[in-house]
Amino acid sequence: MSVAKKQYKRITVKSLVDMKANKERISMLTSYDFTMAKIVDKAGIDVILVGDSASNVMAGHETTLPITLDHMIYHATNVVRAINRSLVVVDLPFGSYQSDPKEALRSAIRIMKESGAHAVKLEGGSEIKDSIKRILKAGIPVMGHLGLTPQSIYKFGTYTVRAKEEAEAEKLKEDALLLERLGCFALVLEKVPAKLAEEVAKSISIPVIGIGAGNGVDGQVLVIHDMLGMDHEFSPRFLRRYADLNTIMTKAIQDYNKDVKSGDFPNENEQY
Ligand SMILES: Nc1nc(=O)c2c([nH]1)NC[C@@H]1CN(c3ccc(C(=O)N[C@@H](CCC(=O)O)C(=O)O)cc3)CN21
Ligand SMILES: CC(C)C(=O)C(=O)O
Ligand SMILES: [Mg+2]
């Protein structure tokens, strides 16, 4: 390996906890493939999430439920090949950890062994406590995920903001403390009131990464296709678009189409 490659200081689960202690905010984006992950890693994003949102974004499913462990490992393997610095976290997909702690551990081990990723993420709190414990005991770092947990969408029926009611907010606060106590290195809080998210972030020493959880948390995560503006139809309030790639790509593809049809492409310099 070249010296130039080694000068990148790799992000570890320990660096993330240190960043929170130093009040340094953590950046996280999803990636599901080699080419995208290479750009994200080089751009300096701290954490790459191989999210089960691949089920929506890559495969076109309505929910995250259909994606399999084999699919997640395929995406994770391709992402890991591209990175020099970012920490790679992989979602355990629906059905790969809910049955029992042994199944959860087997799934986490497959991800770590077959993809080379650095950590796994599981949705839920006290319900999956034993599975989180079992995975951590094997030396695999775990990121938690509370608030809107898309794998249980059919229990709620909507993607509306979570924990607006006192009882649900109390459970969420207890779950966050539990995840810290179990030994999770960080947790994602999705679509909860900003005030509650800030309170949770202040109550624990591990980083809280928000999506639709306001600015009082320790870091932010977005789905990369959303923030690049590739899909004009997905427009939740929490999303900021940093580009309009849908328009840029459509224009480029139409120009190519036109040039092929008219015979303009390829020209003399573009042939042998
Ligand atoms: N492309 C993509 N981006 C995501 O952020 C994402 C996925 N896919 N798939 C997995 C989950 C699902 N997520 C979601 C899904 C919907 C909303 C949402 O807020 N949708 C609408 C309607 C909400 C409502 O019923 O009130 C919105 O306008 O906010 C938010 C996060 C976040 N994750
Ligand atoms: C939205 C983030 C947190 C996620 O879990 C995913 O992309 O699957
Ligand atoms: Mg997910």
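Everything numeric here is computed off the predicted structure, so don't read it as measured data. Just follow the structure's listing: the first ligand is 1, and inside any ligand the first atom is 1.
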Salt bridge present between Asp130 and Arg134 (N-O < 4.0 angstrom)
no

What residue and heavy atom of the protein are closest to atom 29 (O) of ligand 1, and at what distance?
Lys191 NZ, 3.3 Å

Has Glu170 got a side-chain atom pairing as donor or acceptor with Ala167's backbone, closer than 3.5 angstrom?
no

Mark yes or no for whether Ser96, through its side chain, and Leu92, through its backbone, hold a donor-acceptor pair below 3.5 Å.
no

Could you confirm whether Asp91 has any N/O/S atom lying under 2.8 Å from the Mg ion (ligand 3)?
yes

For atom 6 (C) of ligand 1, what's the nearest protein heavy atom and its distance?
Val223 CG2, 3.9 Å

Please state which protein non-hydrogen atom is closest to atom 15 (C) of ligand 1 and give its distance, to 0.1 Å?
Tyr159 CD2, 3.4 Å

For ligand 1, which atoms sit closer than 4.0 Å to a heavy atom of Thr64?
10 (C)

More than 12 heavy atoms of other groups within 6.0 Å of Glu62 CD:
no

Got an N/O contact under 3.5 Å between Ser53 and ligand 1?
no

So which of Thr63, Asp52, Asp91 actually passes side chain to side chain donor-acceptor pair (under 3.5 Å) with Gln151?
Asp52

Looking only at N, O or S atoms, find the one in Asp52 nearest to the Mg ion (ligand 3) and name it.
OD1

Report yes if some N/O of Asp91 lies less than 3.5 Å from some N/O of ligand 2; otherwise report no.
yes

Any atoms of ligand 1 less than 4.0 Å from a non-hydrogen atom of Val57? List them with their elements.
1 (N)

For Pro207, the option from Leu16, Val217, Val13 that meets side-chain contact (heavy atoms from CB on, under 4.5 Å):
Leu16

With a 4.0 Å cut-off, would you call Glu199 and Lys195 a salt bridge?
no

Select one of side chain, backbone, both or neither to describe which atoms of Thr30 lie under 4.0 Å from any atom of ligand 2, heavy atoms only.
side chain

With a cut-off of 4.0 Å, which atoms of ligand 1 are near a heavy atom of Pro150?
11 (C), 12 (C)

Which residue and atom name correspond to the protein heavy atom nearest atom 33 (N) of ligand 1, and how close is it?
Glu190 OE2, 4.0 Å

Just wondering, are more than 12 heavy atoms of other shown residues or ligands nearer than 6.0 Å to OH in Tyr74?
no

Which is closest to atom 6 (C) of ligand 2 by heavy-atom distance: Ser53, Gly210, Ser31?
Ser53

Return the closest protein heavy atom for atom 1 (N) of ligand 1 as residue, atom name and distance.
Asp226 OD1, 3.0 Å

Look at atom 30 (C) of ligand 1 and say which protein heavy atom is nearest, naming residue and atom and giving the distance to 0.1 Å.
Phe238 CE2, 3.5 Å

Would Lys121 count as a contact of ligand 2 if the rule is a heavy atom under 4.0 Å away?
yes

Donor-acceptor pair, side chain of Thr30 and main chain of Ile224, under 3.5 angstrom:
yes

Nearest to atom 26 (O) of ligand 1, what protein heavy atom do you find, and at what distance?
Thr160 CG2, 3.2 Å

Under 4.0 Å to a heavy atom of Gly51 - the qualifying atoms of ligand 2, by number
6 (C), 7 (O), 8 (O)

Could you pull out, from Leu148, Val221, Ile211, Leu49, the option with a heavy atom nearest to atom 2 (C) of ligand 2?
Leu49

Say whether Asp52, considering both its backbone and side-chain N or O atoms, lies within less than 3.5 Å of an N or O atom on ligand 2.
yes

Please report which non-hydrogen protein atom sits nearest to atom 28 (O) of ligand 1, along with the residue it belongs to and the distance in Å to one decimal place.
Pro236 CA, 3.7 Å

Between Phe234 and His225, is the ring centre distance below 6.0 Å?
no

If you count the non-hydrogen atoms of other residues, nucleotides and ligands that lie under 6.0 Å from OH in Tyr256, is the total more than 12?
no

Are the side chain of Ser86 and the backbone of Ile48 linked by a donor-acceptor contact shorter than 3.5 Å?
no

Charged N to carboxylate O below 4.0 Å: is that the case for Asp218 and Lys23?
no

Are Tyr242 and Phe238 connected into the same hydrophobic cluster when the rule is that any two of I, L, V, M, F, W, Y join if their side-chain heavy atoms are below 4.5 Å apart?
yes

Purely on distance, is any nitrogen or oxygen of Asn56 under 3.5 Å from one on ligand 1?
yes

For ligand 1, which is the ligand I care about here, please tell me if Arg237 has any N or O atom under 3.5 Å from one of the ligand's N or O atoms.
no

Quick one: does Met28 get a heavy atom under 4.0 Å from ligand 2?
no

Thr68 (side chain) donor-acceptor with His71 (main chain) under 3.5 angstrom:
yes

Might you check, step by step, whether the distance between atom 22 (C) of ligand 1 and some protein heavy atom is under 4.0 Å?
no

